[in-house]
Amino acid sequence: MEIYCRNVFCSRFSFAKLKYVFPPFQNGDVDPAVKALEARQDEILRKLYELKAAVEGLAKTVTTPDADLDVTVSSSLSSQSSNCAIFKGTTNLDALLGEDLGALRDIVINANPAQLPLTLLVLHGLLCQRYRVLSTVHVHSSVSSVPPQLLSCLGPKHADSYARHMFQLGFTLIWKDVPKLEMKFSVRNMCPIEGEANVARFLFKLLAPYPSDPALATLVDSWVDTVFYQLADGSTKERAAVLRALNSALGRGPWLSGPEFSLADIACYCCLLQNGSASSIPANVQGWMKSCENLGHFGPAKLLLK
Amino acid sequence: MTKEEVNGATEEEQQAQSKKALKKQQKEAEKAAKKAEKQAKLAAEQQSADEDDFAKDRYGLSAMVQSQQKLDRALVRVQDLTAEKVDQLIWLRARVHTSRAKGKQCFLVLRQQQFNVQALVAVGDRASKQMVKFVANITKESIVDMEAMVRKVEQKIESCSQQDVELHIERIFVISQAEPRLPLQLEDAVRPDGEGEEEGRATVNQDTRLDNRVIDLRTTTSQAIFRLQSGVCQLFRDTLTKKGFVEIQTPKIISAASEGGANVFTVSYFKSSAYLAQSPQLYKQMCICADFDKVFCVGPVFRAEDSNTHRHLTEFVGLDIEMAFNYHYHEVIDSITDTMVQIFKGLRDNFQTEIQTVNKQFPSEPFKFLEPTLRLEYTEAVAMLHEAGVEMGDEDDLSTPNEKLLGRLVKEKYDTDFYVLDKYPLAVRPFYTMPDPNNPKYSNSYDMFMRGEEILSGAQRVHDAQLLTERAQHHQIDLEKIKSYIDSFRFGAPPHGGGGIGLERVCMLYLGLHNVRQTSMFPRDPKRLTP
């Protein structure tokens with residue numbers, strides 16, 4: 001289907017040929033009829049572009065399991081869905097983070113610029129789709145400077161960022177000289193959470209609950225640990241072993257923990273992006289990586305690695 | 001008794017007497033002999049002294065420098081006495097910090113501002129006994145000119161700033177002699193308080209220091225503090241000038257109390273009286289209305305507050321900023337916080353020597369900050385305090401202990417010593433503060449904190465004469481007294497805002513010191529008017 005659609009559009013309509021060239025001035029003035037014609041032409045072109053994008057999106061959906069709509073193109077269509085349809089199940093911020101005391105609930109993450117927390121950036125993107133999140137990036141005085149892409153890694157500043165109380169959640173990323181990534185939320189009631197894996201678990205729970213089946217939940221957790229400790233920090237032998245395990249797991253189902261996309265997939269994709277070399281990735285894993293990319297959540301992570 | 005018997009008795013007596021006399025004579029003879037010996041010795045010494053002072057020309061009290069001659073002599077700075085200068089013959093001028101004579105040698109420590117170096121003179125073919133004696137007797141703090149050979153040392157001299165070299169004195173002349181009894185000892189003045197208590201050695205208390213400020217300022221710690229303060233001022237000027245600000249000077253003798261209240265000093269002004277300015281507020285704003293767009297001023301501020309605290313002075317140096325903005329007063333906050341961050345970075349990168357010197361006597365945590373600066377809203381602060389168990393209303397002002405607690409909470413969560421608190425309740429701010437457009441309980445005003453203590457209070461100002469009049473009436477201020485202030489906004493005024501910091505307080509908090517008098521050269525408070 002995909003190939004058919006592509007050819008239909010590309011062979012029958014050559015977009016370049018659609019642009020007629022008019023002499024813009026006649027008698028020193030632009031003919032209003034010409035202007036109207038140009039406007040109609042622009043309108044038609046725009047609609048054609050949109051149709052092309054939609055068909056491409058549909059084509060991807062056919063080959064990618066579990067995706068409702070290709071998120072990368074949904075923004076080009078009319079409405080913006082505020083709910084991330086990828087995660088089902090309800091979550092309640094008050095239940096998870098404590099009673100709303102009328103002020104911004106700010107999650108503070110201290111990360112070392114030498115160890116980019118890609119998983120957390122992806123989770124941040126997902127959080128922004130579900131809640132009104134105020135994202136800020138700071139550089140701590142213990143670090144003399146960071147490359148500019150690290151300053152814009154959470155995306156452009158929100159137009160309402162001058163009014164902190166209008167947001168449901170704060171996501172404050174501080175580039176700091178810390179030995180291990182840490183997260184602080186409520187200094188009175190919570191001790192800091194250390195390690196990217198654990199912070200990822202905390203943030204994920206704000207998006208969707210873990211699978212209710214304890215076996216599945218454990219599977220997700222075990223993959224998260226494997227990926228952070230053996231894929232990211234392990235020796236070449238350990239990494240190869242993990243890749244083999246991934247390959248066999250992905251032979252059995254589309255996602256790491258079975259039928260549903262989970263935190264394990266997010267964490268694994270990000271770690272592979274940072275640590276895997278393209279040549280040594282087995283076939284099932286490569287296919288799964290494509291599916292992940294089609295979901296469209298990993299844009300910010302890829303951008304940061306450039 | 002027979003005559004012979006009597007005679008016999010007297011003979012005995014006489015014999016006894018003569019024995020005594022003999023003894024006495026002997027003693028006297030010995031004494032005389034000793035005396036003679038001594039005198040002979042002295043005479044001999046004197047002779048030798050007069051004869052042997054071959055170094056007479058190489059030391060002594062110099063005549064008072066009245067510009068008798070123009071010597072083209074290069075004096076080396078103590079901080080430049082490093083391994084590079086070994087085996088060079090140099091001249092220098094410095095103070096005698098300490099001197100210690102041991103037999104035929106005398107060790108001196110010479111001091112120049114933050115730097116000191118060891119020097120020595122020993123009896124030998126270059127120095128006579130008299131010279132060494134003279135050197136040992138030079139009073140502390142005297143200024144000397146010295147010609148010396150720079151020599152390498154095998155073991156580092158830990159107690160001096162110049163650890164790799166020492167000076168072997170060739171010639172030494174006292175340029176200005178200090179009186180022998182100093183009101184305070186400099187070594188005591190730099191001793192950390194804890195060390196003093198532990199080892200039973202003296203430290204100098206603050207009042208003694210401030211009474212003898214000229215000597216106290218000579219200590220390495222004081223030198224470091226005030227150099228850093230000079231750096232703050234310079235960074236402030238440079239950063240703002242780069243941002244396009246214009247420096248202005250505002251009058252300090254004014255006709256009406258600008259901020260209202262009783263905290264103004266009155267001065268007699270010919271046949272009437274005037275006041276010393278509490279802040280350059282009014283004039284800064286008038287400059288904005290006069291189209292200067294962005295201004296700053298550095299000058300004295302006078303507050304007649306009878307507060308004897310660790311952070312109040314009656315006269316201090318105010319660094320004030322005011323700027324017009326386009327659409328939102330956060331443009332002003334961003335400008336001010338960026339200036340503060342540039343100051344902190346400048347100090348961190350260029351004044352480490354000074355910071356370490358101060359830390360030797362007053363240990364503290366290094367100053368931490370975030371870029372861009374953390375900005376919290378007042379409601380968040382109240383929520384954090386409520387969570388910590390503090391009871392306060394939404395529209396209450398923050399008390400000093402609450403400010404300190406909040407500073408600790410923010411430090412715990414964000415690890416920063418500097419942050420901005422935005423959107424204060426309108427009720428606790430001055431009448432010229434612009435109210436919040438959406439919520440009448442709050443205002444477009446902010447405070448900035450360093451180490452949990454307030455350093456800046458600022459806001460968007462009311463630039464509309466009508467609204468200003470209403471706000472003044474609400475605060476029951478006599479409109480006659482502020483007529484000229486309100487008039488400045490009647491002929492077109494841009495939206496503007498600003499704030500001011502105190503130089504001494506910022507330095508004190510940056511260095512983690514505990515009393516603002518340490519960062520004020522000649523402090524003024526309700527109890528102190530001299531030096």
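It should be emphasised that the depicted structure is a prediction, and the values quoted were computed from it without experimental measurement. Every chain is numbered from 1 and lettered A, B, ... according to where its sequence line falls, protein lines coming before strand lines.
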Residue from Val108(A), Val143(A), Thr172(A), Asn110(A) scoring the most non-hydrogen pairs under 4.5 Å with chain B is Val108(A)
Only one of Thr373(B), Leu456(B), Ile455(B) forms a side chain to side chain contact (heavy atoms under 4.5 Å, CB included) with Met340(B), so which one is it?
-> Ile455(B)
Of the listed residues (Pro366(B), Ala388(B), Ala381(B)), which shares the most heavy-atom pairs with chain A below a 4.5 Å separation?
-> Ala388(B)
Which bit of Asn189(A) comes within less than 4.5 Å of chain B, counting heavy atoms only: side chain, backbone, both or neither?
-> side chain
Could you tell me which portion of Phe367(B) (side chain, backbone, both or neither) has an atom closer than 4.5 angstrom to a non-hydrogen atom of chain A?
-> backbone
Go through the atoms of Asp349(B) and report whether side chain, backbone, both or neither lie under 4.5 Å from a heavy atom of chain A.
-> neither
Heavy atoms, side chains only, cut-off 4.5 Å: are Tyr510(B) and Ile355(B) in contact?
-> yes
Applying a strict 4.5 Å limit to non-hydrogen atoms, the region of Arg188(A) in contact with chain B is side chain
Ser161(A) versus chain B, the contacting section by heavy-atom distance below 4.5 Å | backbone
With ring centroids as reference points, do His158(A) and Phe167(A) lie under 6.0 angstrom apart?
-> yes
Looking at Leu376(B), Ile333(B), Asn438(B), which makes the most heavy-atom pairs under 4.5 Å with chain A?
-> Leu376(B)
For the pair Asp417(B) (side chain) and Phe369(B) (backbone), establish whether a donor and an acceptor sit closer than 3.5 Å, ignoring hydrogens and angles.
-> no
Region of His328(B) that comes under 4.5 Å of a non-hydrogen atom in chain A | side chain
Proximity of Phe418(B) and Phe344(B) rings by center, below 6.0 Å | yes
Choice from Val137(A), Ile174(A), Asp106(A) maximising heavy atom contacts with chain B below 4.5 Å | Asp106(A)
For the pair Asp464(B) and Arg471(B), find out whether any cationic side-chain nitrogen is under 4.0 Å from an anionic carboxylate oxygen.
-> no
Is Lys243(B) paired with Asp338(B) through a side-chain N to carboxylate O contact shorter than 4.0 Å?
-> yes
